[in-house]
Each structure stands twice: as structure tokens, then as C-alpha cells.
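To keep things clear, I will list the structure first and then write my remarks on it.
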Amino acid sequence: SSQLDFKIDDATFAAIAPALPVFQKVAWERIGDEFIKVMKSPRPSVGIENMRLAGILDHVMPELAAAHGVTQNEFHKWDVYWHILYATDAAPAENLPVRFGALLHDIGKPFSRRIRTKDATGKESVTFYNHEVIGRKMARVIMKRLKCPATLVDRVSDLVRFHMWHYTD
């Protein structure tokens, strides 16, 4: 559905959940190959969201599934999960390190989220201090789980670690 931009038939989609125990026996090399196909598709968000809805994402990338519903601060329109998916869609499909970097750039946010303050109206403000450091470690674990090549793991983990870097004169 991600590669060809089509909707999965309802009956087919419903058959996925009962087959999850069988899916969990699939070799990680195979899962990684298929995940890379999703990442190279025009809109990886379609395939990833289908995986989440079907329960597959909990097995393949539970760290990303954990980002669903995690609210961000006032500078973000979407929760962490949707922010990540939209960033991934916007990254160039032909540049796999950048696309994976977009997918994993905020993967550490759910695990670094802290409530900073409440303003006069009682609204909470949140921070994600060091999410890029936490995210780098997580990115390495995730990509190794998917059996990605070491050069890709290194490049992506560096992109995640330094995505908050800001240069000034």
C-alpha cells in the first residue's frame, strides 16, 4: 500500500492481527528488507501507519509505536508520532540515510519528555532535553535490529544525534 498508494482490502487487513504470532517468526533480515522498501516508497507514512494499526509496528519498532499520542510543546502541530511520519514523508526517497534520519530524529522524545511548567492558565509546557542523545542510542539499536548495513547505522545515528545542532558565527 505504501509503494503503490492503494488501500488494503478490509478483509485482508482484518486477517493480519490473527497472523501476528506467525509474523513474529519472520527473520529480521526479511523484515528489514521490507521496511527499507517502505522507506523508499513515495509516502512511508502510509505503510508505517498500516503497520501500527495492524499491530506489526509493536513488534518491528515499538519505540516508534510508543510515540503515538505523545504531545509536544507549543512549537509543534502534531504529536511526536505524526511529526515523525510527516518529516519522513518530506525527506527525499532517494536518500535513505536522510529518510531514516527523519524517521528516527525524534525517536528519543517519548523517553525524555518532562513537564517543565504550568502557566497562569494551568497549561503544561513540556521539554525533551537530550532527546537527540537518547535517540542516537535508540537509532543504533533499531537499525541493528532491522539488520541495516553498519555504514547506514553510523550515518543515521549521527544525523539523529546532531539534528538539534545549531551553527552561529
Side-chain angles (χ1 to χ4, degrees), residues 1-72 76-111 128 131-132 134-161 163:
S1 67
S2 184
Q3 286 183 310
L4 302 175
D5 196 29
F6 67 82
K7 183 183 179 299
I8 298 171
D9 176 75
D10 291 339
T12 301
F13 198 85
I16 295 172
L20 286 176
V22 175
F23 170 76
Q24 292 176 354
K25 296 176 184 178
V26 174
W28 279 105
E29 290 83 1
R30 180 86 236 118
I31 293 170
D33 287 346
E34 293 301 321
F35 197 88
I36 286 174
K37 289 178 186 177
V38 169
M39 291 297 287
K40 289 180 175 180
S41 72
R43 289 188 329 147
S45 62
V46 172
I48 294 168
E49 176 62 359
N50 280 336
M51 285 191 283
R52 186 185 72 80
L53 293 172
I56 294 171
L57 195 60
D58 289 329
H59 175 67
V60 173
M61 202 177 294
E63 304 89 347
L64 181 56
H68 188 264
V70 176
T71 58
Q72 301 200 75
H76 292 84
K77 182 176 180 178
W78 299 289
D79 71 4
V80 176
Y81 175 80
W82 286 106
H83 167 76
I84 286 172
L85 291 192
Y86 294 142
T88 304
D89 282 353
E94 67 280 358
N95 191 330
L96 198 56
V98 171
R99 203 156 238 199
F100 260 106
L103 178 73
L104 299 173
H105 82 283
D106 280 349
I107 201 73
K109 279 189 169 182
F111 308 94
F128 301 98
H131 77 276
E132 69 281 11
I134 294 166
R136 178 188 203 166
K137 293 175 187 172
M138 294 174 68
R140 294 188 72 78
V141 168
I142 291 165
M143 296 192 71
K144 286 180 179 182
R145 180 187 316 137
L146 295 173
K147 306 298 184 189
C148 293
T151 54
L152 183 60
V153 173
D154 291 343
R155 174 69 57 89
V156 172
S157 62
D158 284 347
L159 288 172
V160 172
R161 169 61 180 94
H163 83 273

Worksheet item: Roughly how far apart are Cys148 SG and Trp28 CH2, rounded to 0.5 Å?
Response: 11.0 Å

Item to complete: Using only heavy-atom distances, determine whether the side chains of His163 and His131 contain a donor-acceptor pair under 3.5 Å.
Response: yes

Practice prompt. Apply side chain to side chain donor-acceptor pair (under 3.5 Å) to the pair His68 and Asp79, showing each step before the final yes or no.
Written response: CA-CA 7 Å; His68 188 264; Asp79 71 4; 4.7 Å; no

Discussion item. Between Arg99 (side chain only) and Ala91 (backbone N and O only), is there a donor and an acceptor less than 3.5 Å apart?
Written reply: yes

Item to complete: Just do the side chain to side chain contact (heavy atoms under 4.5 Å, CB included) check on Phe13 and Leu53 with the steps written out, would you?
Response: CA-CA 9 Å; Phe13 198 85; Leu53 293 172; 3.7 Å; yes

Worksheet item: Is the closest side-chain donor-acceptor distance between Gln3 and Lys37 under 3.5 Å?
Response: no

Discussion item. So for atom CZ, which belongs to Arg140, do other residues, nucleotides or ligands contribute more than 12 heavy atoms lying within a distance under 6.0 Å?
Written reply: yes

Worksheet item: Do Ile36 and Phe100 come close enough that some side-chain heavy atom pair is under 4.5 Å?
Response: yes

Discussion item. I want to check something: taking the side chain as every heavy atom from C-beta on, are Phe35 and Ile142 in contact at a cut-off of under 4.5 Å?
Written reply: no

Worksheet item: Is there a side-chain contact between Val46 and Val38 (heavy atoms, below 4.5 Å)?
Response: no

Worksheet entry | CG-CZ distance between Asp33 and Arg30, expressed to the nearest 0.5 angstrom | 5.0 Å

Fill in: Nearest-0.5 Å distance that lies between atom CE in Met143 and atom CZ in Arg145
11.5 Å

Worksheet item: Which atoms form the tightest heavy-atom contact between Ser41 and Ala93, and what is the distance?
Response: O-CB, 4.2 Å

Worksheet entry | Heavy-atom side-chain proximity of His105 to Leu159 below 4.5 angstrom | no

Fill in: Audit row: His76, Trp82, ring pair (Phe, Tyr, Trp, His ring centres under 6.0 Å) steps and yes/no
CA-CA 10 Å; His76 292 84; Trp82 286 106; over 10 Å; no

Item to complete: Any chance you could measure Leu57, atom CG, to Asn50, atom CG, to the nearest 0.5 Å?
Response: 11.0 Å

Discussion item. Measuring only between side-chain heavy atoms, which start at C-beta, is Asp89 closer than 4.5 Å to Pro44?
Written reply: yes

Item to complete: Please report the shortest heavy-atom distance between Gly108 and Ile134, naming the atom on each side.
Response: CA-CG2, 4.1 Å

Practice prompt. Could you pull out the closest heavy-atom pair between Val98 and Pro92, with the gap in Å?
Written response: CG1-CD, 3.9 Å

Discussion item. Please find the pair of heavy atoms, one from Ile31 and one from Phe23, that lie closest to each other, and give the distance.
Written reply: CD1-CZ, 4.0 Å

Worksheet item: Heavy atoms, side chains only, cut-off 4.5 Å: are Ile84 and Trp78 in contact?
Response: no

Worksheet item: What's the spacing between Ser2 OG and Glu34 CD if we round to 0.5 Å?
Response: 11.5 Å

Worksheet item: So, do Val70 and Lys109 sit near enough that their side-chain heavy atoms are less than 4.5 Å apart?
Response: no

Item to complete: Start with the C-alpha distance between Leu104 and Met138, add both sets of side-chain angles, then the distance that settles side chain to side chain contact (heavy atoms under 4.5 Å, CB included), and finish with yes or no.
Response: CA-CA 8 Å; Leu104 299 173; Met138 294 174 68; over 6 Å; no

Practice prompt. Just do the side chain to side chain contact (heavy atoms under 4.5 Å, CB included) check on Asp58 and Arg52 with the steps written out, would you?
Written response: CA-CA 7 Å; Asp58 289 329; Arg52 186 185 72 80; 6.0 Å; no

Response to the item:
Heavy atoms of Ser45 and Leu85 approach each other most closely as CB-CB, 3.9 Å

Discussion item. What I want to find out is whether Arg155 reaches Asp158 closely enough, with some N-O distance under 4.0 Å, to be called a salt bridge.
Written reply: no

Worksheet entry | Closest approach of Val80 to Pro110 (non-hydrogen atoms, all atoms of both residues) | CG1-CD, 4.3 Å

Practice prompt. For side chain to side chain contact (heavy atoms under 4.5 Å, CB included), just list the numbers for Leu20 and His59, CA-CA rounded to whole Å, side-chain angles, deciding distance to a tenth of an Å, and then say yes or no.
Written response: CA-CA 9 Å; Leu20 286 176; His59 175 67; over 6 Å; no

Worksheet item: CG of Leu103 to CG of Leu64: how many Å apart, nearest 0.5 Å?
Response: 5.5 Å

